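Some notes on the structure that comes next.
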Amino acid sequence: MCAAATKSGGKDSSQVRIRIRPIGMDKPRIWLAEGFADFRRATTVSLAYGLFWVGLSLAITAGAFVLGLWHWLLPLIAGFMFLGPLVAVGSYGISRALEAGREPTLGDAFGAWTGHVGSLAMMGVMMMIFFLAWIRLATLLFALFFGLGAPDPATLYATLLTTVEGLGMLAVGTAVGALLAFGAFAISVVAIPTLMDQDLTFMEGIEASIRAVAGNLRPMMLWAAIITGCVMVGVATFYIGLALILPVLGHASWHAYEDLVRIDTDEGDTRA
């Protein structure tokens, strides 16, 4: 599968063809293995990057309790799925440094945005729209099932699991959240690494991502399920597991991009 687009650079422009390669159901397992291999090769910097996000998550959680906004934690945690692709950018930078034969540093992780800031920033706006849409829907669902009053923290989570209203809200919220999350996954799964690695517009990156998912629906749905399950495990460990899970998934997603996307220009294939 391929599609043509115009790439602008200086005074000249050239045709860019985005090719999507078909993959098998074994690829998500291979990506995980490659992601873990990258983590082992750059353990110190990958773990440090993961711990940064663990620390930030703990700080947000603590702040929510201190400010009396603890009831926002559940939708915020669920909403992490929308922002996860942006979090993974640092891991892409580490994997790219490994492939270049360099010893990765935190500069590769936190500086991975440089070079294509505009396109990546636009992708950030897109993911934030999904996140805010989810927060708004979560608020509406809570009001629909429980009213407008703030719940009692001592009974909220028990109520969610033991009452008709709570179970109904969880069921509807899970269905709506899953649809939104898969939409966010479809437009970003390879868009962000593609934009980080290639001189393309953010719409071309989104196009590549949607076509990668549509053309490989079953393995990409499996990959989405693996990502979701791993993140849930990380959250269930009070975020500590995310120190390993986030960088491994990020490295794996970089290898997913390399397997799925080829960019052809008039000068030749930029990824052999």
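Since we're looking at a predicted model, the values are computed, not measured.
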Task: Glu207 CD to Ile187 CD1 distance, which is reported to the nearest 0.5 Å - done: 13.5 Å

Task: Within residues 18-39 or reaching into it, pairs that qualify as ring-ring contact (aromatic ring centres under 6.0 Å, His included) - sequence neighbours excluded - done: Trp31-Trp223

Task: Distance flag, aromatic centroids of Phe131 and Trp134, threshold under 6.0 Å - done: no

Task: Shared hydrophobic cluster, Leu180 / Met232 (ILVMFWY, side-chain heavy atoms < 4.5 Å) - done: no

Open item on the list: Looking only at side-chain N and O atoms, does Ser95 offer a donor or acceptor that is under 3.5 Å from a partner on His251?
Closed with: yes

TODO: Measure the spacing between CG of Leu195 and CD of Glu204 and express it to the nearest 0.5 Å.
DONE: 8.5 Å

Open item on the list: Let me confirm one number: the CD-CD distance from Glu34 to Glu258, rounded to the nearest 0.5 Å.
Closed with: 8.0 Å

Open item on the list: According to a hydrophobic-cluster definition based on side-chain heavy atoms being under 4.5 Å apart (Ile, Leu, Val, Met, Phe, Trp, Tyr only), do Phe238 and Leu51 belong together?
Closed with: no

Task: Distance (rounded to the nearest 0.5 Å) between Ile18 CD1 and Ile263 CD1 - done: 5.0 Å

Task: Co-membership, hydrophobic cluster, residues Met196 and Met128, 4.5 Å side-chain - done: yes

TODO: Answer whether the closest heavy-atom distance between the side chains of Val189 and Ser253 falls below 4.5 Å.
DONE: no

TODO: For the pair Tyr49 and Phe52, name the ring-plane relationship: parallel under 30°, tilted 30 to 60°, perpendicular over 60°.
DONE: parallel

TODO: Can you measure from CG (Leu56) to OH (Tyr239) and round to the nearest 0.5 angstrom?
DONE: 10.0 Å

Open item on the list: I need the minimum non-hydrogen distance between Asn216 and Ile23, along with the two atoms involved.
Closed with: OD1-N, 2.8 Å

- [ ] State, to 0.1 Å, how close Phe82 and Gly177 come at their nearest heavy-atom pair, and which atoms those are.
- [x] CZ-O, 4.2 Å

- [ ] Carefully, step by step, assess Val231 and Leu249 under the rule side chain to side chain contact (heavy atoms under 4.5 Å, CB included).
- [x] CA-CA 9 Å; Val231 171; Leu249 288 178; 4.1 Å; yes

TODO: Could you pull out the closest heavy-atom pair between Pro85 and Tyr92, with the gap in Å?
DONE: O-OH, 4.0 Å

Open item on the list: Within a 6.0 Å radius of atom CZ on Phe110, are there more than 12 heavy atoms belonging to other residues, nucleotides or ligands?
Closed with: yes

- [ ] In sequence, state the C-alpha distance, the side-chain angles, and the governing distance for Ile135 and Leu76, and then conclude on side chain to side chain contact (heavy atoms under 4.5 Å, CB included).
- [x] CA-CA 7 Å; Ile135 294 297; Leu76 285 174; 4.1 Å; yes

- [ ] Determine the minimum heavy-atom distance between Gly50 and Pro247, stating which atoms define it.
- [x] CA-CD, 4.1 Å

- [ ] Decide side chain to side chain contact (heavy atoms under 4.5 Å, CB included) for Phe185 and Val213; before the verdict, give the C-alpha distance in whole Å, the side-chain angles of both, and the deciding distance to 0.1 Å.
- [x] CA-CA 9 Å; Phe185 172 83; Val213 172; 4.1 Å; yes

Task: Same cluster (ILVMFWY, side-chain, under 4.5 Å), Val261 and Met203 - done: yes

Task: Shortest non-hydrogen contact between Ala191 and Met123, atoms and distance - done: CB-CE, 4.1 Å

TODO: Following the transitive rule for hydrophobic clusters with a side-chain heavy-atom cut-off under 4.5 Å over Ile, Leu, Val, Met, Phe, Trp and Tyr, establish whether Val45 and Trp113 coincide in one cluster.
DONE: yes

Open item on the list: Treating Ser119 as the side-chain partner and Leu200 as the backbone partner, does any N or O pair qualify as donor plus acceptor under 3.5 Å?
Closed with: yes

Task: Side-chain donor/acceptor of Ser46 to backbone N/O of Thr43, under 3.5 Å - done: no

Open item on the list: What I'd like to find out is whether the side chain of Arg136 reaches to under 4.5 Å of the side chain of Leu132, using heavy atoms alone.
Closed with: no

Task: Minimum heavy-atom distance between Glu99 and His255, given as atom pair plus value - done: OE2-CE1, 3.8 Å

Open item on the list: Walk me through whether Asp108 and Arg96 qualify under salt bridge (charged side-chain N to carboxylate O under 4.0 Å, His left out).
Closed with: CA-CA 9 Å; Asp108 292 305; Arg96 188 167 62 174; over 6 Å; no

- [ ] State the SG-CG distance between Cys230 and Leu32, to the nearest 0.5 angstrom.
- [x] 6.0 Å

Open item on the list: Show, in sequence, the C-alpha distance, side-chain angles and deciding distance for Ile94 and Trp254, and conclude whether the side chain to side chain contact (heavy atoms under 4.5 Å, CB included) test is met.
Closed with: CA-CA 10 Å; Ile94 295 170; Trp254 176 260; over 6 Å; no

